[in-house]
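A short write-up of the structure that comes next.
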Amino acid sequence: QVQLVESGGGLVQAGGSLRLSCAASGRTFSNHAMGWFRQAPGKEREFVAAITWSGASTYYADSVKGRFTISRDNAKNTVYLQMNSLKPEDTAVYYCAGAESPWYNDSYYAYDYWGQGTQVTVSS
């Protein structure tokens with residue numbers, strides 16, 4: 001059974017930082033792209049960042065570019081999202097996702113495996 005488990009969410013003041021982790025089990029994702037999405041109350045789930053199977057290429061939503069960094073450790077079957085300079089509008093549930101493809105994609109439909117989400121709340 002494939003599982004993606006996020007951790008690292010919490011409450012932080014504006015301007016602060018958090019690091020999310022996503023640990024995969026049940027299969028290896030070392031040959032597959034991984035992504036992060038988020039969903040705020042009353043809004044649709046939106047793309048945040050993605051990384052190719054090797055980690056050589058990354059892709060970000062314009063809203064987080066320059067503030068967030070996605071990375072992965074294939075030996076640990078884990079992907080990370082370092083979030084700096086957080087803003088109240090970053091408040092959402094953050095989801096880790098795994099794709100069958102090795103190449104990054106910003107579409108929700110490109111991902112086949114999802115974690116349960118971790119809450120990030122940024123206070124002003």
Side-chain angles (χ1 to χ4, degrees):
Q1 180 182 359
V2 177
Q3 278 194 315
L4 299 177
V5 179
E6 302 97 336
S7 61
L11 173 65
V12 63
Q13 288 189 330
S17 298
L18 284 174
R19 188 195 195 203
L20 305 183
S21 299
C22 172
S25 62
R27 69 171 290 178
T28 177
F29 281 90
S30 59
N31 294 321
H32 303 272
M34 300 291 290
W36 287 95
F37 287 73
R38 65 187 182 186
Q39 189 167 16
K43 296 188 177 181
E44 294 187 351
R45 193 169 299 190
E46 65 174 0
F47 171 76
V48 175
I51 188 167
T52 54
W53 68 276
S54 66
S57 296
T58 56
Y59 183 54
Y60 297 93
D62 288 342
S63 60
V64 307
K65 203 171 293 183
R67 300 187 297 123
F68 290 10
T69 303
I70 188 171
S71 61
R72 66 190 299 163
D73 184 338
N74 285 341
K76 296 182 178 179
N77 219 19
T78 299
V79 65
Y80 305 96
L81 185 69
Q82 178 67 44
M83 305 186 294
N84 298 330
S85 302
L86 283 161
K87 304 175 181 180
E89 52 263 45
D90 294 318
T91 295
V93 176
Y94 282 71
Y95 296 91
C96 171
E100 288 293 343
S101 169
W103 310 114
Y104 60 66
N105 197 302
D106 62 358
S107 171
Y108 172 93
Y109 299 101
Y111 295 85
D112 305 278
Y113 304 96
W114 293 87
Q116 83 289 347
T118 186
Q119 176 71 47
V120 171
T121 303
V122 184
S123 63
S124 57

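Quick note: residue numbers are just sequence positions, from 1. Heavy-atom basis, side chains included; hydrogens, waters and symmetry copies ignored. The shown structure was predicted, so the numbers you read here are calculated from the model rather than taken from an experiment.
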Review point. Using 4.0 Å as the upper bound for N to carboxylate O, is an ion pair formed by D62 and K65?
Key: yes

Review point. Is any NZ, NE, NH1 or NH2 atom of the basic residue among E100 and R27 found under 4.0 Å from an Asp or Glu carboxylate oxygen of the other?
Key: yes

Review point. side-chain contact (heavy atoms from CB on, under 4.5 Å) between Q82 and S71: does it pass, once the steps are laid out?
Key: CA-CA 8 Å; Q82 178 67 44; S71 61; over 6 Å; no

Does a side-chain heavy-atom distance below 4.5 Å link [X] with [Y]?
X: E6; Y: Q116; result: yes
X: V79; Y: I70; result: yes
X: T69; Y: L81; result: no
X: Y59; Y: D106; result: yes
X: D112; Y: H32; result: no
X: M83; Y: L20; result: yes
X: V12; Y: T121; result: no
X: Y95; Y: R45; result: yes

**Study point:** Cationic tip of R19 above Y80 ring, under 6.0 Å, 45° of axis
**Key:**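 Yes, R19 lies over the aromatic ring of Y80.
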
Point to revise | Lys NZ or Arg CZ of R72 over W53 ring: under 6.0 Å, within 45° | key: no

Checking [X] side chain against [Y] main chain: does a donor-acceptor pair fall under 3.5 Å?
X: T78; Y: K76; answer: yes
X: T91; Y: V122; answer: yes
X: N77; Y: F29; answer: yes

What closest approach, in Å, do [X] and [Y] show between heavy atoms, and which atom pair accounts for it?
X: P88; Y: S124; answer: CG-CB, 3.8 Å
X: R67; Y: L86; answer: NH1-CA, 3.9 Å
X: A92; Y: Q39; answer: CB-O, 3.4 Å
X: Y111; Y: A33; answer: CE2-O, 4.5 Å
X: A50; Y: Y104; answer: CB-CB, 3.6 Å

Point to revise | Parallel, tilted or perpendicular: ring planes of Y94 versus F68, cut at 30 and 60 degrees | key: tilted

Check your understanding: side-chain hydrogen bond (donor to acceptor under 3.5 Å, both in side chains) with S57: which residues, sequence neighbours excluded?
Key ->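 In terms of side-chain hydrogen bond (donor to acceptor under 3.5 Å, both in side chains), with neighbours along the sequence ignored, S57 is linked to no residue.
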
Practice item. Could I get the full list of side-chain hydrogen bond (donor to acceptor under 3.5 Å, both in side chains) partners for N105, not counting sequence neighbours? Key: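 Not a single residue meets the side-chain hydrogen bond (donor to acceptor under 3.5 Å, both in side chains) criterion with N105.
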
Exercise for review: Could you go through the side chain to side chain donor-acceptor pair (under 3.5 Å) check for N84 and S17 one step at a time?
Suggested key: CA-CA 4 Å; N84 298 330; S17 298; 2.9 Å; yes

What's the spacing between [X] [atom1] and [Y] [atom2] if we round to 0.5 Å?
X: M34; Y: T58; atom1: CE; atom2: OG1; answer: 15.0 Å
X: C22; Y: W36; atom1: SG; atom2: CH2; answer: 5.0 Å
X: T52; Y: N31; atom1: OG1; atom2: CG; answer: 11.5 Å

Review point. Is the F47 to Y60 ring centre distance short of 6.0 Å?
Key: no

Check your understanding: Under a single-linkage definition using a 4.5 Å side-chain heavy-atom cutoff for Ile, Leu, Val, Met, Phe, Trp and Tyr, are F37 and L4 assigned to the same hydrophobic cluster?
Key -> no

Practice item. Might you confirm whether atom NZ of K43 has over 12 heavy atoms from other residues, nucleotides or ligands at distances under 6.0 Å? Key: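 No - once you tally the heavy atoms of other residues, nucleotides and ligands closer than 6.0 Å, there are 12 at most.
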
